[in-house]
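Here is the structure we will look at, set down as structure tokens.
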Amino acid sequence: EPEVTQTPSHQVTQMGQEVILRCVPISNHLYFYWYRQILGQKVEFLVSFYNNEISEKSEIFDDQFSVERPDGSNFTLKIRSTKLEDSAMYFCASSEVSRSSGYTFGSGTRLTVV
Amino acid sequence: DQQVKQNSPSLSVQEGRISILNCDYTNSMFDYFLWYKKYPAEGPTFLISISSIKDKNEDGRFTVFLNKSAKHLSLHIVPSQPGDSAVYFCAASRGNQGGKLIFGQGTELSVKP
């Protein structure tokens with residue numbers, strides 16, 4: 001079964017450093033997303049991406065965050081200057097045109113900012 | 001922002017019995033609802049969805065019911081199996097394809113043998 005692949009599975013970084021989280025969405029999917037889950041809290045939407053541009057973003061997704069689809073397969077989330085409160089599980093997801101098949105999530109990257 | 005709420009943080013059920021997980025929402029613009037299952041250290045796995053034009057959708061042991069007037073949906077698992085033990089999230093979206101999902105807080109289901 002096709003899956004969304006995320007790397008790395010765990011990233012530890014120092015506060016103020018830049019991190020790039022990587023995702024390979026399912027190949028025939030057209031919509032791409034990043035979500036995050038802070039420990040003990042709900043899964044929160046960060047950003048959606050379609051047709052090589054951001055289609056929607058949340059208030060969490062401020063100027064410190066950016067997304068990119070540098071080639072035909074990868075989808076990245078960059079955090080420019082990490083803060084302690086950025087520590088969370090970050091999930092990439094993708095979906096095809098029809099919503100009935102759901103959104104497929106990756107296994108996540110656990111980001112720990114120290 | 002509590003647009004989607006799952007008021008029961010946990011539920012314990014005997015194997016073979018029915019599990020009923022509940023979810024309430026406040027935004028009447030939501031038109032598509034999904035249930036996800038999540039194991040620790042994994043991403044959410046899609047289970048079943050329902051459009052707002054329906055009141056029921058069934059897939060094997062899983063049935064989702066939607067009551068639009070009450071802004072309430074529920075997931076029924078019959079019969080429950082120990083492998084169903086996980087955290088279950090309901091999520092809602094609205095309008096266009098590719099719309100963001102708003103998640104509830106999750107309910108941890110434990111199915112005891």
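Protein chains get the first letters and strands the later ones, always in sequence-line order, with residue 1 at the start of each.
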_Counting C-beta onward and ignoring hydrogens, is there a side-chain heavy-atom pair between A:Tyr35 and B:Lys100 closer than 4.5 Å?_
yes
*Given side chain to side chain contact (heavy atoms under 4.5 Å, CB included), test A:Phe105 with B:Tyr36 step by step and report yes or no.*
CA-CA 10 Å; A:Phe105 283 78; B:Tyr36 282 85; 3.7 Å; yes
*Indicate, with yes or no, if A:Val24 and A:Leu21 share a hydrophobic cluster defined by side-chain heavy-atom contacts under 4.5 Å among Ile, Leu, Val, Met, Phe, Trp and Tyr.*
no
_Flag, side chain of A:Tyr33 to backbone of B:Leu101, donor-acceptor distance under 3.5 Å_ = no
*Under a 4.5 Å side-chain heavy-atom rule over Ile, Leu, Val, Met, Phe, Trp and Tyr, are B:Leu73 and B:Leu109 clustered together?*
yes
*May I ask you to decide if B:Phe46's main-chain N or O and A:Tyr103's side chain share a donor-acceptor pair within less than 3.5 Å?*
no
_Heavy-atom cut-off 4.5 Å, strictly under: side chain, backbone, both or neither for B:Ala41 against chain A?_
backbone
*Check each atom of A:Gln37 against the heavy atoms of chain B and say whether the ones under 4.5 Å are side chain, backbone, both or neither.*
side chain
*Please check if the side chain of A:Lys42 supplies one atom and the backbone of B:Gly104 the other of a donor-acceptor pair under 3.5 Å.*
no
*State yes or no: do A:Val67 and A:Ile60 share one hydrophobic cluster built from I, L, V, M, F, W and Y residues joined by side-chain heavy-atom distances below 4.5 Å, directly or via other members?*
yes
*Top contributor to chain B contacts, counting heavy-atom pairs under 4.5 Å, from A:Ala93, A:Ser9, A:Ser58, A:Ser107*: A:Ser107
*Please say whether more than 12 non-hydrogen atoms of neighbouring residues, nucleotides or ligands are located less than 6.0 Å from CZ in B:Arg61.*
yes
_Tell me whether A:Phe45 shares a hydrophobic cluster with A:Leu77, the cluster being built from Ile, Leu, Val, Met, Phe, Trp, Tyr side chains joined at under 4.5 Å._
no
*Under a single-linkage definition using a 4.5 Å side-chain heavy-atom cutoff for Ile, Leu, Val, Met, Phe, Trp and Tyr, are B:Val13 and B:Val78 assigned to the same hydrophobic cluster?*
no
_Atom CD of residue position A:Glu85 - does it have more than 12 heavy atoms of other residues, nucleotides or ligands inside 6.0 Å?_
yes
_Heavy-atom proximity to chain A below 4.5 Å, by part of B:Gln105_ = both
*asked:* A quick test of your reading: do over 12 heavy atoms of other residues, nucleotides or ligands sit less than 6.0 Å from CG of A:Leu84?
replied: yes
*asked:* What part of A:Phe91 gets within 4.5 angstrom of chain B, counting heavy atoms only: side chain, backbone, both, or neither?
replied: side chain
_Between B:Phe89 and chain A, with a heavy-atom cut-off of 4.5 Å, which part of the residue counts as in contact: side chain, backbone, both or neither?_
side chain
